[in-house]
Amino acid sequence: MKRGLTITIDGPAGSGKSTIAKLVARRLNYLYIDTGAMYRAVTWKALQEKIDLKDEEVLVRLAQRTEILLKKAGDGLEVYVDGQNVTGEIRLPQVTNNVFYLARLAGVRERMVKLQREMGEEGGVVVEGRDIGTVVFPRADYKFYLDASLQERTRRRFEELRSQGHKVELNEIGEEIKARDGEDKGRRIAPLKIAEGAIVIDSTEMRIEEEVSAILKYIREN
Ligand code: CDP
């Protein structure tokens, strides 16, 4: 017996996936799964161990031996790597800018996808990432693809980092997001794209509550 529906949300950086996925999960009393946090977690560990990020074999082995735990905490998630809480550290620019070295490797993705399927196999989940509707749960009950203009996504990420006390430059954030869009959409394995059957939502001019309502309404009515 399934615990509930499987809902996937994909989209580029700053499209609001995490915020929206979290709120939708809360409203449905579902589990929220942030798959980007998992790629960030392995990247964090690779940096800790000073692994050569071009050494594919070593990175794949690292992904295989790393224990990643997503733990519900209040409205969000806490992320643990081998028992250590890395929730804050995996958001640092150094991690963000190096995730692509791992995210492009088939062996790393295989391991992540396996873990993600295990977490979501009983349903009752909102799973968020880049390849969730295309690769991880292609038969999901509902698929959404969130997007927004580059300018708006840059603004959101800038505000988010500033509110956390980071000193950041607007144009640097813009460049970083543009580069990451390119890596995510251009990679050979599991690139970011609109999944078959996904509902596309452009949130450039939408408020968060509006977007959450639109998603819940669609689910109720279809
Ligand atoms: O929060 P933001 O959208 O900036 O990024 P994230 O969702 O935390 O994901 C960080 C990076 O992990 C992405 O830029 C992707 O390269 C990678 N990722 C992926 O390859 N596949 C996923 N399902 C999720 C993230």
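Both counts, for ligands and for their atoms, begin at 1 and track the order of listing.
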Problem - Atom indices of ligand 1 within 4.0 angstrom of Asp131 heavy atoms, with elements - result: 21 (N), 22 (C), 23 (N)

Handout entry: Protein heavy-atom partner closest to atom 24 (C) of ligand 1 - residue, atom, separation in Å
Key = Thr35 OG1, 3.4 Å

Problem - Check ion pair Arg156-Glu152 (N to O, under 4.0 angstrom) - result: yes

Exercise for the section: Taking Lys143 for its side chain and Glu196 for its backbone only, find out whether a donor-acceptor pair lies under 3.5 Å. Expected result: yes

Exercise for the section: Would you mind telling me if ligand 1 is within reach of the side chain of Arg187, the backbone, both or neither, using heavy atoms under 4.0 Å? Expected result: side chain

Practice task
Verify, without hydrogens or angle tests, whether Arg109 (side chain) and Ala103 (backbone) share a donor-acceptor contact under 3.5 angstrom.
Solution key: yes

Completion exercise
Closest to atom 3 (O) of ligand 1 among protein heavy atoms sits Lys17 NZ, 3.1 Å

Exercise for the section: Would you check whether Ser18 has a nitrogen or oxygen atom less than 3.5 angstrom from a nitrogen or oxygen atom of ligand 1? Expected result: no

Problem - Arg65/Glu49 salt bridge by N-O under 4.0 Å criterion - result: yes

Problem - Under 3.5 Å: N/O of Arg109 near N/O of ligand 1 - result: yes

Exercise for the section: Give the contacting part of Arg180 toward ligand 1: side chain, backbone, both or neither, where contact means a heavy-atom distance below 4.0 Å. Expected result: side chain

Fill in the blank from the handout: Exactly one of Asp184, Leu192, Val113 clears side chain to side chain contact (heavy atoms under 4.5 Å, CB included) with Asp131, and that residue is Val113

Practice task
Look only at the side chain of Asp141 and the backbone of Thr6, and say whether a donor-acceptor pair between them is shorter than 3.5 Å.
Solution key: yes

Handout entry: Heavy-atom nearest neighbour in the protein, as seen from atom 25 (C) of ligand 1, with distance rounded to 0.1 Å
Key = Gly36 CA, 3.5 Å

Completion exercise
closest protein heavy atom to atom 8 (O) of ligand 1 is Arg40 NE, 2.6 Å

Fill in the blank from the handout: ligand 1 atoms nearer than 4.0 angstrom to some heavy atom of Asp184 are 13 (C), 14 (O), 15 (C), 16 (O)

Fill in the blank from the handout: atom 11 (C) of ligand 1 sits nearest the protein heavy atom Val99 CG1, 3.6 Å

Exercise for the section: Report yes or no: does a heavy atom of Met112 sit under 4.0 Å from some atom of ligand 1? Expected result: no

For residues 213-222, please give each side-chain donor-acceptor pair under 3.5 Å, one per line with the distance, not counting sequence neighbours.
{"from": "Ser213", "atom 1": "OG", "to": "Glu209", "atom 2": "O", "distance (Å)": "2.8"}
{"from": "Asn222", "atom 1": "ND2", "to": "Tyr218", "atom 2": "O", "distance (Å)": "2.8"}

Practice task
Mark the output for Glu183 as yes if a heavy-atom distance to ligand 1 is under 4.0 Å, and as no if none is.
Solution key: no

Practice task
Using non-hydrogen atoms of the residue, decide whether Arg157 is closer than 4.0 angstrom to ligand 1.
Solution key: yes

Practice task
Please write down residue, atom name and distance for the protein heavy atom closest to atom 7 (O) of ligand 1.
Solution key: Arg130 NH1, 3.1 Å

Completion exercise
Heavy atoms of Val24 and Val212 approach each other most closely as CG2-CG1, 4.2 Å

Practice task
Run the contact test for Met38 against ligand 1 with a 4.0 Å cut-off on heavy atoms, strictly below, and give the result.
Solution key: no

Problem - Side-chain donor-acceptor pair present, Arg153, Thr204, cut-off under 3.5 Å - result: no

Problem - Flag if over 12 foreign heavy atoms under 6.0 Å of CD, Glu57 - result: no

Exercise for the section: Over all heavy atoms of both residues, which pair between Arg91 and Asp34 is shortest? Give the atoms and the distance, please. Expected result: NH2-OD2, 3.1 Å

Handout entry: Where ligand 1 meets Arg91 - atom numbers and elements under 4.0 angstrom, heavy-atom basis
Key = 8 (O)

